Structures are given as structure tokens and as C-alpha cells.
K.L.:
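Right, I'll just put the structure down here and ask away after.
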Amino acid sequence: MKQRLFLTTCALVLAMAAFGQQIYNVRDYGAVGDGKTLDHEAINRAIEACSSRGGGQVVLTPGTYLCGSIRLKSRVDLHLASGATILAAPASMKAYDPSEVFGGPEYQDGGHTYFHNSLIWAEGQHDISITGRGTIDGEGLTKKDTETAGNVQGGSIGTGDKAIALKLCRNILIRDVTIFRGGHFAIIVTGCEIGTIDNVLIDTNRDGIDIDCCKYLTVSNCKVNTPNDDAIVLKSSYALKKPVLCEHILVNNCIVTGYKLGTFLDGTYVPEKVNWVCGRIKLGTESNGGYRNIAISNCTCMWSSGLAFEVVDQGRMENITVSNISMSHVHHYPIYITTGCRNRGPKERTEVSSARDISIMNVVADDCDSLAGIIITGMEGHPLRNISLNNIRLQFRGGGKKVETPYREQSTHYPEPRWAGPTPAYGLFARHVDGLRLRDVTFELMRPDERPDMVFDDVKNLDK
């Protein structure tokens with residue numbers, strides 16, 4: 001068996017070398033791949049050698065590599081061959097790098113503030129990639145958001161938090177890998193420019209893919225199962241110590257689901273008990289800079305929360321297009337567009353959250369929760385502007401009761417319809433909007449509902 005593995009490994013390395021790329025086999029640098037020996041230092045030696053000599057491919061051949069922090073460097077492709085697994089070490093082994101010192105007020109969660117305490121991380125690097133049909137298993141990572149400077153968590157040092165964390169990098173690629181149990185974030189990229197996340201399979205216990213303060217990024221052909229949090233999320237936090245737009249982002253041909261953890265990978269597809277949020281393609285909530293020029297298309301959502309577009313931290317949301325979305329078994333709401341004044345940032349800022357020029361078309365959904373229909377809400381004196389819905393067909397469970405109390409303003413609250421309660425209309429509720437265009441928007445009830453299909457409150461320039 002060992003001889004067969006050796007021959008397979010040699011064939012793989014020789015095949016890649018035939019393409020003229022410099023190949024660095026991590027086993028040549030001391031990696032064992034037995035799932036028991038810590039291998040991250042050997043992998044880091046291979047990465048350092050590769051980067052210092054002009055770049056190439058660092059290869060993990062079949063085996064299980066127990067690891068703490070792996071530090072990705074410029075011009076390095078970290079390649080996980082089919083049959084190779086990077087297994088996150090438990091916190092007790094203290095194998096992760098300490099989190100960096102942020103050096104300023106932290107307006108965002110710790111997961112958005114610290115990056116070095118991750119399984120694979122890079123900061124300020126360029127031309128980096130993580131590729132291959134291998135697996136990243138974050139068994140030893142925490143899914144909690146309890147990071148602090150120095151990576152002290154409950155008195156223990158060395159806790160790993162995220163599977164892949166890239167900050168201030170340029171020209172990045174993550175392709176073909178599988179991520180299981182990714183910690184707080186399976187993938188988080190912050191302040192990065194020009195990149196692609198393609199054909200990645202994620203089955204994880206918190207967020208799937210977070211794109212924060214980035215530009216010119218594409219997320220395509222990914223399958224993301226997140227039963228306990230968001231699947232694909234765009235954010236604009238204060239992690240770079242200033243408001244930065246997340247802009248020029250394309251999300252295309254993706255599948256998001258909310259099945260029980262692990263059942264997407266093993267093919268049993270067990271629906272998870274409804275959490276407060278699961279699955280979901282989302283903009284927000286961190287929105288200090290906001291989002292601009294975002295296109296989301298050709299995606300399917302199963303046992304998932306709906307589409308959510310939220311700007312509540314004094315940023316702006318504009319030029320957003322959504323098309324060709326199919327949803328089934330939708331938790332809580334199908335479409336949610338809102339602004340608010342949570343204002344999670346420096347008190348000196350005077351901007352007001354704003355949203356305009358949002359187009360959503362060709363959306364079908366069945367078995368939508370009776371809690372809420374489509375929600376489009378701005379703020380009094382600061383309406384949403386130029387919102388267009390075209391060819392929207394939604395099926396609701398129905399059974400809702402007439403709503404007697406006013407719908408709660410978003411205000412300073414966390415933007416989530418669940419906290420506000422049932423909407424006054426089962427199909428569409430709009431308030432504080434200037435310019436709302438409806439074309440071919442239809443609703444179907446699986447059982448009667450006491451609420452009207454649509455309610456408009458402080459809506460100007462309504463075209464339906």
C-alpha cells in the first residue's frame with residue numbers, strides 16, 4: 001500500500017512538473033500526512049521556499065495533514081491533490097498563530113477584525129491561490145466570535161477561528177477545494193482586489209463565503225451549505241479602519257442550502273431545524289462603506305432564508321441587479337431590502353444609510369414562510385429610491401392573521417424581519433420608498449391568509 005501511494009505521489013508531481021511549473025512537495029520539507037503529526041510548519045517551509053524562489057506550486061499529496069496556521073505567500077499556489085486533507089488541529093495543541101493587534105476601536109465583530117488566528121491566512125500578498133480537489137476540514141476550529149488581540153479565548157491561547165482568511169491581497173484564486181466545518185468563516189476575504197472563488201464546495205457550521213471591503217471579485221459555481229448562518233455574504237465593515245465600499249462583485253451560478261451540517265457532503269440532505277437564519281445570499285449587515293455595482297444571477301436556494309440587502313451603518317447601496325433566482329422552502333421571507341441607523345462606526349460620522357437603483361427580476365419561490373412577504377423599507381425622511389421588481393412569482397404557506405399593531409421601524413435594531421414580527425401584508429410590504437416599479441409580480445397562497453396581498457405606506461411614485 002505504501003509503495004502504491006509513493007508511486008501515485010511521484011506520478012502526480014511529475015505530471016505537474018511537466019507543465020513547467022516549479023513543484024514543492026510538502027513531504028520533502030518534513031510533512032508526514034498521518035493525521036496525528038503536526039504538519040503546518042513543514043508546509044510553511046515549503047511555501048517560504050516556493051515564494052522566495054519566484055513562486056510555483058506547493059503540493060499536498062494524498063494524506064491527512066494535521067495543521068495549525070498555514071501562512072500563504074505571494075506567487076504560491078497551495079494545491080490539495082484529490083485525497084489530501086488539511087485537518088485543523090484542536091485548540092489544546094496551541095498550533096495557531098496569535099491574532100494581530102488591531103490598534104483602534106473595534107466596530108465590527110472579532111471575526112472581521114483578526115485574521116492571523118486562522119487555519120490558512122495571508123495578509124498583503126499577491127498572486128496567491130488555493131486549488132485542487134482535496135479537503136479542508138476545520139474540525140479543531142471554533143465557530144464562536146470571541147477573538148481578542150493576542151488570540152486569548154477563555155484563558156487559552158492558540159484557538160483557530162477561520163478556515164481561510166485573506167486580507168489586503170491582490171489577484172487571488174480559490175478553486176475546486178471542499179471545506180467542511182469552516183469555523184466562524186469558511187472563507188473570508190477583506191480588502192482584497194481582483195479575485196475568483198470558483199467551484200468550491202462548502203458544508204459548514206457558520207458563514208460560508210464572506211466578501212468584505214473588496215472589489216473586482218467573482219464568486220461562481222459554488223455550493224454552500226450553511227444551516228446556522230449565511231451562505232454567501234457581501235459586507236463593508238470598519239475592519240480597515242475606514243469606510244470602504246464593497247464593489248464590482250459578481251455572484252453567479254451558485255447553490256445555497258440549509259441542510260443539517262454534513263448532510264450535503266454525504267448526500268443525505270437532511271433539512272435542519274429552522275434557525276433564525278440559514279443559507280441565504282446577503283448584503284450586510286456590516287455596511288460602513290456599503291455596496292455598489294453588484295450582480296447576483298443564476299442561483300438556487302433550498303431550505304434557505306431569502307435574499308437580504310441591508311445597509312444600516314451609514315453606507316450606501318446602489319446599482320444592485322439580481323436575476324434568475326429559484327428558491328424552495330424559504331425561511332421567514334423571500335426578499336428583504338432595508339436601510340437603518342444602527343450606525344456601527346465612529347460617532348463623528350454624519351452620513352445616513354441610503355439605497356437606490358436596485359433591480360430584481362425573474363425570481364420564483366415555493367413554500368415561503370408566512371411570517372413575511374417581500375419587505376422593502378427605508379427610513380422616514382430617507383426613502384429607498386428606484387426599486388424595481390419584475391417577473392416575481394412566489395408561493396406562500398399562508399395562514400397568517402390580520403396584523404393590528406404597526407410594523408416596527410428598522411431604526412437602530414439589527415435588521416432581521418423575525419424581530420419585527422409578521423408583516424401587514426402576506427405578499428409585499430413597502431414603506432418609505434420613492435420610486436417603486438412592479439411588473440408581473442404574482443403571489444399564490446397554499447391556504448387562506450387574513451392579510452392583504454400588498455400594503456404601501458409612504459410610497460411615492462408607485463408604478464404597478
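Worth knowing before you read on, the calculation uses all heavy atoms, side chains too, and leaves out hydrogens, waters and symmetry mates. Just so you know, these numbers come straight off a predicted model, no measurement behind them.
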K.L.:
Would you call the rings of Tyr426 and Phe443 parallel, tilted or perpendicular if under 30° counts as parallel and over 60° as perpendicular?
P.N.:
perpendicular

K.L.:
Less than 4.5 Å apart, any side-chain heavy atom of His184 and any of Lys143?
P.N.:
no

K.L.:
Are Glu247 and Arg292 close enough for a salt bridge, meaning some N to O gap below 4.0 Å?
P.N.:
yes

K.L.:
Looking only at side-chain N and O atoms, does His329 offer a donor or acceptor that is under 3.5 Å from a partner on Asp367?
P.N.:
yes

K.L.:
Which atoms form the tightest heavy-atom contact between Ile281 and Cys301, and what is the distance?
P.N.:
CD1-SG, 4.4 Å

K.L.:
Would you say the ring centers of Phe309 and Tyr336 fall short of 6.0 Å from each other?
P.N.:
no

K.L.:
Considering all heavy atoms of both residues, which atom of Tyr114 and which atom of Ser99 are nearest to each other, and what is their separation?
P.N.:
CB-CB, 3.6 Å

K.L.:
Would the distance check show the side chain of Asp369 and the main-chain N or O of Tyr333 forming a donor-acceptor pair, the cut-off being under 3.5 Å?
P.N.:
no

K.L.:
For Gly262, is there any backbone N or O sitting under 3.5 Å from a side-chain donor or acceptor partner on Asp203?
P.N.:
yes

K.L.:
Let me see the working for His40 and Tyr96 under ring-ring contact (aromatic ring centres under 6.0 Å, His included), right down to the final yes or no.
P.N.:
CA-CA 9 Å; His40 61 283; Tyr96 299 94; 7.7 Å; no

K.L.:
Would the distance check show the side chain of Asp453 and the main-chain N or O of Gly427 forming a donor-acceptor pair, the cut-off being under 3.5 Å?
P.N.:
no

K.L.:
Are the side chain of Thr226 and the backbone of Cys278 linked by a donor-acceptor contact shorter than 3.5 Å?
P.N.:
no

K.L.:
Partners of Asp207 by salt bridge (charged side-chain N to carboxylate O under 4.0 Å, His left out), sequence neighbours excluded?
P.N.:
Lys235

K.L.:
Could I get the full list of salt bridge (charged side-chain N to carboxylate O under 4.0 Å, His left out) partners for Arg349, not counting sequence neighbours?
P.N.:
Glu351

K.L.:
When you measure from the side chain of Ser237 to the backbone N and O of Ala239, does any donor-acceptor pair fall under 3.5 Å?
P.N.:
yes

K.L.:
Is there a side-chain contact between Val189 and Leu217, using heavy atoms and a 4.5 Å cut-off?
P.N.:
yes

K.L.:
Please check if any side-chain donor atom of Gln108 sits under 3.5 Å from a side-chain acceptor atom of Thr113, or the reverse.
P.N.:
yes

K.L.:
Would you mind reporting whether Val224 and Thr257 have side-chain heavy atoms less than 4.5 Å apart?
P.N.:
no

K.L.:
Spell out, as yes or no, whether a donor-acceptor pair under 3.5 Å connects the side chain of Asp137 to the backbone of Glu139.
P.N.:
yes

K.L.:
Kindly confirm or rule out a cation-pi arrangement of Lys241 over Phe102, judged by NZ or CZ under 6.0 Å from the six-membered ring centre and within 45° of its axis?
P.N.:
yes

